[in-house]
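Take a look at the structure set out below.
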Amino acid sequence: MAIRLNENKEIVQAIKDGLKAKGGYCPCRLEKTEENKCICKEFREQMADPNFEGYCHCMLYYKYNN
């Protein structure tokens with residue numbers, strides 16, 4: 001398993017700006033809960049799934065299988 005940033009630098013910058021504005025909480029989520037703190041619970045669970053390959057909800061990170 002490996003994780004990388006999205007290759008689209010504009011998306012990465014927009015998400016990083018959103019994270020900064022929301023204090024580290026996913027800018028794509030309305031609620032500021034611990035589950036939505038980057039790296040969010042949803043993506044942590046997807047990272048744990050050996051069969052999952054793809055982007056996190058906000059498309060900042062991509063998990064790929066070697």
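Two residues are said to be in side-chain contact when any heavy atoms from C-beta on lie closer than 4.5 Å; Cys56 and Ile39 fail this criterion. Residues Asn8 and Val12 form no side-chain contact, since every pair of their non-hydrogen atoms from C-beta on lies 4.5 Å or further apart.
Using a 30° and 60° split on the angle between ring planes, Phe52 and Phe43 fall in the perpendicular class, above 60°.
Put simply, SG on Cys28 and CD1 on Ile15 are 4.0 Å apart, with the number rounded to the nearest 0.5 Å. Distance check, rounded to the nearest 0.5 Å: CG of Asp17 to NZ of Lys22 gives 14.0 Å. In this structure, the separation between CD1 on Ile11 and SG on Cys58 is 10.0 Å, given to the nearest 0.5 Å. Distance check, rounded to the nearest 0.5 Å: SG of Cys40 to CG of Leu60 gives 10.0 Å.
A salt bridge (charged side-chain N to carboxylate O under 4.0 Å, His left out) check over residues 36-48, counting only residues at least two apart or in different chains, returns the pairs Arg29-Glu42, Glu35-Lys41, Lys41-Glu45.
In this structure, Asn65 and Pro50 approach most closely via the heavy-atom pair ND2-O, 3.4 Å. What you find for Leu5 and Tyr61 is that their closest heavy atoms are CD2-CE2, 3.7 Å.
Residues that satisfy the ring pair (Phe, Tyr, Trp, His ring centres under 6.0 Å) test with Tyr55, not counting sequence neighbours, are Tyr62.
Proximity of a side-chain donor or acceptor of Asn36 to a complementary backbone N or O of Glu31 within less than 3.5 Å is detected.
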